[in-house]
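The figures here come from the full heavy-atom set of this structure, side chains too, leaving out hydrogens, waters and symmetry mates.
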Amino acid sequence: MPLLEPPGWAVAQRALFDLLDHAWRRFARDFTGPDGRLNYTGRLTTRDGVDDFYEVFFNWPQLYLLGGADDLLPASEKHWEGVTRQLTELDMLRDEFERGYDWFHQGESLLLLYFLCMTAPDRWSERALRFADLYVDPAKGNYDPEHRVITRPHNGSDPDRRGLFDGDVYPWLPKEAQTYGFPLDWIPEADGGPYPLSSDPRLGAQMRDRMGAGDTAVNLAAAGLVLNAWILSGEDRYRDWIVEYVGAWRERTQTHNDLIPDNVGPDGVVGSLLEGRWYGGHYGWSWPHGWHSVGHAACVAALAAATVTGDDDYLSMVATSLDTLIGHGKVMPFTDSDSSLPSKWVAELGPDIHTPTLHLPFRHNDSGWFDYNPVTPPVPVALWHHTASAADRTRLERLREADGIDWRTVRPFRAKEESGHEKAWFAFLAGDDPGYPERILAAAQAQVRHRLRRIDRYRDLDVPEADIHVWQQCNPVVTEALVQLTWGGPQVLYNGGLQQARLRYHDADARRAGLPPDVAALVTSIDPEATTVELVNLSPEADRTVIVQAGAFAEHTITTVRYTVCEDDGWIGDMYDYGHTEPAATETEESCDSVFLTVRLPASTRIRLTLRLQLRTNAPSYRTPFDTPAQGAAA
């Protein structure tokens, strides 16, 4: 008997796919030129800005991988090519890569490339390996294997780009100075301040000499670039570089009270340019973002090292640092905090800005810990998703218990990172919020429609340099809800991470990545012993065949599968045999022992699969079931 009343979440999910297909076409039409570049005729006067051009499209190939339109992939490739030509003409790139800038921003720029590598590895591997070689090959000038350091905070394809700025003074804007304060507030020359920005001694020679050389923790995000090269090629030299470089930072963390330091001098010694301080490096603990930059970069690197070695102890340098911050936490309403990110939290917390809740310190200087912010979930969620360990889950549960705000709350906001709803997703996976899928899908639809109105408002704007973020604010492609619900994974760590997922999908008939037309998916559990997903074919006439893949990079193995089918009055014990009038009496469990599982969905069908997974049993790769014959049970 066919399913007559499909679940609301499935209808809403397919409606979101349809809306997104309309939305990305509108953006491309109104904001980009024939070769894919952004409509921008200005010039960039500082080293900043490359990320703002690439970030606009970062999740477009991700949407394709989820099941977006066939022509979304060539469109995404065209935009990367067009933006790359545009930035080369602006003298921001050399050989298609950033000339030299910090990895907080470079990691953001490269997300688009990483997703393109997932979608079309044959076309993108040459570039990806060439970019990774800028760091793996010491002759390129970015890496010193003797001291195991990246040689400068601003690094890339131009070995002559030194320091942190061109000219004599760091190009700091008054609003940013007010928001984040100044680095090097301990140097003797700062005692007589304040100074005009054009002559502040902390922003000239002192900053260049003390912060513009040696390694900084945010450089750890470069491990994501090298991990991508290793997945593409399997070459040992990429794995060995990750082990060497990330291993050096793990050792430094272990010798500094299990708290990751943020700076290493050219001599390989922590604090050698900062009079022994473990804090104070560029994009480090003191300035400007603290944990917001250090924690994400360290997590990208630790996950890379754990992936290439199978040794999850690399994650300890992130976990112990996070636990240190938790140990310094304070319960307060956000309105009483000294957060340097007020606009972020006003949007995310809404009326709960007045609710007392746990705040963690994001920054540290000579006066101790400061810059208290509500708990941000991307890092602890990424740790738990990778390990599936009781310890990492317990940390999240304790953070939830300490939070004064209900984790089931779904706020109608969207940051450029396309994340921020991990707490509500965790509550859903814990079984506490069955209505989450429909609420997060409704929030995603609302954000797409909001961005479409922004496109109408800004499409004729002559974008000056100061407003190049307007493209990100108008990007209508929203993927967080689809990543969580269909892949069973968190949104990618925005400062250079690679995707995490329990499951991915392929359209067997179209022989491409993503859910087939009319098919919706909902992952309701990501425990290895019971990774559960519901698949619904909404088509009233067409059968669909979907191939379920274990892991973002085919790194897991499906060992067994149990499946049930839903009638209008509920779930029945086994797959319906449509040649008979009675359902099978018992639920069936079959062995699989494969990365891939082929599921044939007759029209108007809803099926629940309970998969037992062995995590990380295979070397991560970008292979698809069309490269290697799919094996395993077929439901």
Do the ring centers of [X] and [Y] come within less than 6.0 Å of each other?
X: Trp285; Y: His364; result: no
X: His354; Y: Phe334; result: no
X: Phe104; Y: His289; result: yes
X: Tyr622; Y: Phe553; result: yes
X: His296; Y: Tyr494; result: no
X: Trp369; Y: His328; result: yes
X: Phe115; Y: Trp60; result: no
X: Trp103; Y: Tyr135; result: yes

Does a side-chain heavy-atom distance below 4.5 Å link [X] with [Y]?
X: Glu534; Y: Ile607; value: no
X: Gln445; Y: Val448; value: no
X: Asn373; Y: Ser337; value: no
X: Val536; Y: Pro7; value: yes
X: Asn228; Y: Val226; value: no

Taking all heavy atoms of [X] and all of [Y], pick out the closest pair and write down the distance.
X: Gly488; Y: Trp425; result: C-CZ2, 3.7 Å
X: Ile260; Y: Ala298; result: CD1-CB, 3.8 Å
X: Tyr283; Y: Val294; result: O-CG2, 3.9 Å
X: Pro153; Y: Gly214; result: CD-O, 3.3 Å
X: Asp432; Y: Arg408; result: O-CD, 3.5 Å
X: Val523; Y: Thr486; result: CG2-O, 3.3 Å

Residue that, paired with Lys416, satisfies side-chain hydrogen bond (donor to acceptor under 3.5 Å, both in side chains) out of His469, Glu55, Gln473: Glu55
Say you draw a straight line from [atom1] of [X] to [atom2] of [Y]; how long is it, rounded to the nearest 0.5 Å?
X: Leu441; Y: Gln13; atom1: CG; atom2: CD; result: 6.0 Å
X: Thr479; Y: Leu20; atom1: OG1; atom2: CG; result: 8.5 Å
X: Trp24; Y: Leu19; atom1: CH2; atom2: CG; result: 13.5 Å
X: Leu597; Y: Leu609; atom1: CG; atom2: CG; result: 6.0 Å
X: Leu112; Y: Tyr114; atom1: CG; atom2: OH; result: 11.5 Å
X: Ile231; Y: Thr307; atom1: CD1; atom2: OG1; result: 7.0 Å

May I ask you to decide if [Y]'s main-chain N or O and [X]'s side chain share a donor-acceptor pair within less than 3.5 Å?
X: Asp527; Y: Glu529; value: no
X: Asp371; Y: Ser340; value: yes
X: Arg250; Y: Ser316; value: no
X: Gln106; Y: Asn155; value: yes
X: Gln500; Y: Ala382; value: yes
X: Asn59; Y: Val477; value: yes
X: Arg14; Y: Val11; value: no

Would you check, one step at a time, whether the test side-chain hydrogen bond (donor to acceptor under 3.5 Å, both in side chains) holds for Asp403 with Thr357? CA-CA 5 Å; Asp403 206 323; Thr357 189; 2.4 Å; yes
Residues pairing under salt bridge (Lys or Arg N to Asp or Glu O under 4.0 Å) where one sits in residues 348-360, two or more places apart or in two chains, turn out to be Lys344-Glu348, Asp352-Arg411
For the residue pair [X] and [Y], confirm or rule out a side-chain donor-acceptor distance under 3.5 Å.
X: Asn263; Y: Asp215; result: no
X: Asp336; Y: Tyr372; result: no
X: Tyr101; Y: Asp48; result: yes
X: Ser525; Y: Thr532; result: no

So Tyr180 and Leu341, side-chain contact (heavy atoms from CB on, under 4.5 Å) or not? Walk me through it. CA-CA 9 Å; Tyr180 302 116; Leu341 301 166; 4.3 Å; yes
Using 4.0 Å as the upper bound for N to carboxylate O, is an ion pair formed by [Y] and [X]?
X: Asp392; Y: Arg395; result: yes
X: Glu480; Y: Arg414; result: no
X: Asp338; Y: Arg363; result: no

If you draw the axis of the six-membered ring of Trp9, does the NZ or CZ of Arg439 fall within 45° of it and under 6.0 Å from the ring centre? no
With sequence neighbours left out, write down each residue that passes side chain to side chain contact (heavy atoms under 4.5 Å, CB included) with Val346, or none if nothing qualifies. none
Just do the side-chain contact (heavy atoms from CB on, under 4.5 Å) check on Glu108 and Phe58 with the steps written out, would you? CA-CA 8 Å; Glu108 295 173 338; Phe58 92 92; over 6 Å; no
When you look at Ser293 and Asn495, which way does the side-chain hydrogen bond (donor to acceptor under 3.5 Å, both in side chains) test go after all the steps? CA-CA 8 Å; Ser293 51; Asn495 296 105; over 6 Å; no
From CA spacing to verdict: side-chain contact (heavy atoms from CB on, under 4.5 Å), Thr524, Arg608: CA-CA 10 Å; Thr524 58; Arg608 177 189 294 152; 5.9 Å; no
Sequence neighbours excluded, the answer for salt bridge (Lys or Arg N to Asp or Glu O under 4.0 Å) partners of Glu417 is none
For atom CG of Asp406, is the number of surrounding heavy atoms from other residues, nucleotides or ligands below 6.0 Å larger than 12? yes
Would you please test Arg504 and Leu65 for side-chain contact (heavy atoms from CB on, under 4.5 Å) and show each step? CA-CA 8 Å; Arg504 280 181 49 211; Leu65 288 164; 3.5 Å; yes
Decide side-chain hydrogen bond (donor to acceptor under 3.5 Å, both in side chains) for Asp312 and His386; before the verdict, give the C-alpha distance in whole Å, the side-chain angles of both, and the deciding distance to 0.1 Å. CA-CA 9 Å; Asp312 286 351; His386 178 87; 3.0 Å; yes
Any chance you could lay out the side-chain hydrogen bond (donor to acceptor under 3.5 Å, both in side chains) test for Asp262 and Trp278, step after step, and finish with the verdict? CA-CA 6 Å; Asp262 70 15; Trp278 54 267; over 6 Å; no
